[in-house]
Amino acid sequence: MVGLTLLGAILRFATLDLQSIWSDEAATILLVRRGLGGLLSHLSTSETTPPLYFVAAWGWTKVFGASVYAYRSLSALAGTATIPVIYVAGRRISPRVGVWAAAFTTIDPAMYYYSQEARSYALLIFFSAVALVFWQRALERPGAGPLAGWAVMSSLAVLTHYFGAFLFVAQAAMLVRRLGWRRVLPWAAIVAAVGAALVPLAREQSDHVLNGSHTGSSWIEGVPLLSRFAQVPKQYLVGLYSPQEIVTTVLVGLLALAAIWRLARRGERREQGQALELAAMAAIALLIPAFLSITHIEDVFNGRNVMASWVPWVLVLAAAVGFTRSGRTGALLGTAILAISVAIVASVDLIPGYQRDDWHGIASALRAPAARRVVVAPELGAAPLFIYMHTDQDLRGTSVATRELAFVAIRTQRTGRAPLPPVVPTDPPPGFRLVGVRRGEAFAVSRFRALGDARVTVSMRSLRREDREPAAEIFLQR
């Protein structure tokens with residue numbers, strides 16, 4: 001376990017700044033830069049999650065600085081700390097299951113991804129894992145200590161992400177079934193009170209999304225529900241984006257099913273019971289938000305938001321390859337899953353097209369001398385570019401006078417298929433000439449300069465028509 005934790009730390013911290021920040025991370029950085037007071041006052045208008053992660057990030061950067069590496073290091077630490085916690089949870093089944101659980105956590109592509117992102121997911125997973133350990137202890141030795149630990153960690157998970165509540169509901173139901181209402185209700189009420197305190201903030205954030213004040217989670221509803229449901233097993237098995245996703249998803253899925261089938265056939269009754277309990281927990285925590293989306297009560301189901309349910313899932317997988325009579329076949333199945341995970345993580349690190357949007361590379365391409373250059377970027381592109389270079393606010397008038405234009409495009413990721421290459425206009429707009437085009441695997445930038453070096457007035461509508469993107473963001477680069 002110690003070796004796996006050290007390996008996990010090396011993997012996470014050594015490549016922490018390999019990829020560029022993307023729009024969601026830029027939103028975190030811009031919010032935290034406002035200071036604690038500004039952060040709390042703007043949380044409802046710029047985010048759709050509770051405040052704990054952002055307050056923690058604010059305090060973290062006061063100690064470790066405000067670089068991109070520093071922002072991400074909080075998630076890297078949470079992701080690393082999750083490894084021994086998952087080991088402890090798996091050890092409740094058996095020491096061997098604990099080691100397998102820690103191994104999967106160390107190299108899991110989704111866990112690796114979220115451990116390198118300046119967002120709340122790694123912290124959510126950590127608190128959810130600790131809460132599960134206390135939940136296990138409460139089942140074994142009912143008492144105030146384990147139940148209090150479970151209530152505190154569940155509250156922290158809910159304060160980190162609203163979807164932390166669904167795993168709590170599943171665990172509370174199981175505790176009530178085993179221990180009775182009287183023992184569980186006082187501690188569950190603490191978590192319920194925390195959730196109730198967050199309701200006004202959640203409503204205000206939801207109102208801002210509905211009114212169009214910020215995009216928030218509104219983009220989620222634009223993705224077909226069945227596609228979002230399919231995201232979950234794919235993400236749990238092989239992560240977010242990687243080469244040959246369909247092939248690796250099917251392969252890892254078959255390996256996992258074979259291991260689970262063997263556990264159902266050959267596992268001891270105790271091992272089967274514990275694995276079934278964890279599987280039920282994961283299922284309940286997924287079915288509740290799925291029901292809310294199907295009924296349109298609150299349609300915010302997607303693979304990211306349900307990452308807390310990955311915690312019981314990885315324990316089920318570890319139990320399936322590490323149960324007492326699993327033998328060499330179980331070890332081979334687990335090793336094959338780990339090998340595919342290593343290949344996925346390495347390929348994503350080596351192929352820019354499968355990484356986060358490369359706004360750092362775009363900023364480098366735009367560093368050529370400019371005098372009031374107007375930049376036309378994809379939707380949500382202004383925020384990450386602001387982190388890497390000095391820009392003005394998004395232009396909202398009907399026209400602008402400039403000597404230079406730049407059009408930015410990023411590759412389009414597609415599940416199960418190779419990314420679409422970025423396409424930028426190369427025909428000069430009226431009054432301009434093409435200066436050059438810079439292309440990378442994940443982005444493209446075309447630059448134009450006014451004829452005669454005099455300012456030319458261009459309309460915002462014409463720029464968006466040239467870019468073929470109605471939601472493009474247009475801003476000034478100084």
Side-chain angles (χ1 to χ4, degrees), residues 20-31 33-34 45-46 68 212-215 219 352 356-412 419-478:
S20 168
I21 63 166
W22 69 299
S23 56
D24 278 18
E25 291 181 290
T28 295
I29 295 172
L30 293 176
L31 181 62
R33 281 183 179 179
R34 293 179 178 273
T45 59
S46 60
V68 172
S213 301
H214 67 89
T215 55
W219 64 271
R356 295 176 179 87
D357 299 336
D358 190 9
W359 296 107
H360 184 265
I362 293 169
S364 298
L366 289 171
R367 285 198 181 114
R372 285 178 59 84
R373 177 187 290 150
V374 171
V375 179
V376 184
E379 187 179 10
L380 304 179
L385 284 177
F386 182 82
I387 303 299
Y388 287 117
M389 55 190 281
H390 182 71
T391 63
D392 277 356
Q393 292 289 331
D394 191 27
L395 296 174
R396 301 193 181 277
T398 58
S399 63
V400 61
T402 182
R403 294 187 180 92
E404 290 198 22
L405 289 173
F407 291 87
V408 172
I410 54 177
R411 56 84 184 91
T412 303
L420 288 175
V423 178
V424 289
T426 55
D427 294 332
F432 290 86
R433 60 184 173 85
L434 180 65
V435 175
V437 179
R438 172 88 175 270
R439 297 186 186 276
E441 189 172 344
F443 72 90
V445 176
S446 58
R447 295 189 296 115
F448 302 88
R449 189 166 295 149
L451 298 172
D453 212 28
R455 288 188 183 182
V456 177
T457 300
V458 291
S459 71
M460 300 296 179
R461 181 179 297 178
S462 67
L463 291 176
R464 288 190 169 91
R465 189 167 57 248
E466 291 278 353
D467 189 59
R468 301 188 184 92
E469 178 54 67
E473 296 191 350
I474 305 174
F475 55 89
L476 281 176
Q477 175 191 351
R478 298 281 186 184

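Since the structure is predicted, the reported quantities are computational estimates derived from the model, not experimental observations.
Shown here are the side chain to side chain contact (heavy atoms under 4.5 Å, CB included) partners of Ala409, two or more places apart in sequence or in another chain: Pro422, Val424. With sequence neighbours excluded, the residues that form a side chain to side chain contact (heavy atoms under 4.5 Å, CB included) with Thr457 are Ser399, Ala401. Considering only residues two or more places apart in sequence or on other chains, Ala363 meets the side chain to side chain contact (heavy atoms under 4.5 Å, CB included) condition with Arg367, Leu385, Tyr388, Met389. Partners of Phe443 by ring-ring contact (aromatic ring centres under 6.0 Å, His included), not counting sequence neighbours: none found. Contacts of Leu420 classified as side chain to side chain contact (heavy atoms under 4.5 Å, CB included), with partners at least two apart in sequence or in another chain: Thr412, Arg414.
Around CZ of Arg461, the count of heavy atoms belonging to other residues, nucleotides or ligands within 6.0 Å does not exceed 12.
Two residues are said to be in side-chain contact when any heavy atoms from C-beta on lie closer than 4.5 Å; Arg356 and Ile21 fail this criterion. For the pair Pro378 and Val408, the minimum side-chain heavy-atom distance is below 4.5 Å.
The backbone N or O of Val375 sits nowhere less than 3.5 Å from a side-chain atom of Gln477 that would complete a donor-acceptor pair. Under a 3.5 Å cut-off, the side chain of Arg464 and the backbone N or O of Ala472 do form a donor-acceptor pair.
Distance check: Ser364 OG to Arg438 CZ gives 6.5 Å after rounding to the nearest 0.5 Å. The line from OG1 of Thr402 to CG of Leu463 is 9.5 Å long, rounded to the nearest 0.5 Å. One finds the CZ atom of Phe386 at 6.5 Å from the CG atom of Leu30 (value rounded to the nearest 0.5 Å). Taking CD1 from Ile410 and CH2 from Trp359, the interatomic distance works out to 5.0 Å, rounded to the nearest 0.5 Å. In this structure, CG in Asp358 is found 8.5 Å from CZ in Arg411, a value given to the nearest 0.5 Å. Atoms CG and CD, on Asp357 and Glu25 in that order, are 10.5 Å from each other to the nearest 0.5 Å.
Under the ring pair (Phe, Tyr, Trp, His ring centres under 6.0 Å) criterion, no residue pair touches residues 453-472, with sequence neighbours excluded.
Between Leu366 and Arg373, the shortest heavy-atom contact is O-NH1, 2.7 Å. Pro352 and Glu441 make their closest contact through CD-OE1, 3.3 Å (heavy atoms, listed as atom of the first residue, atom of the second, distance). Between Ala450 and Phe432, the closest heavy-atom pair is N-CD2, 3.4 Å.
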>> Working note: Val374 + Val458, criterion side chain to side chain contact (heavy atoms under 4.5 Å, CB included); need CA distance, chi angles, decisive distance, verdict.
In response: CA-CA 10 Å; Val374 171; Val458 291; 5.7 Å; no
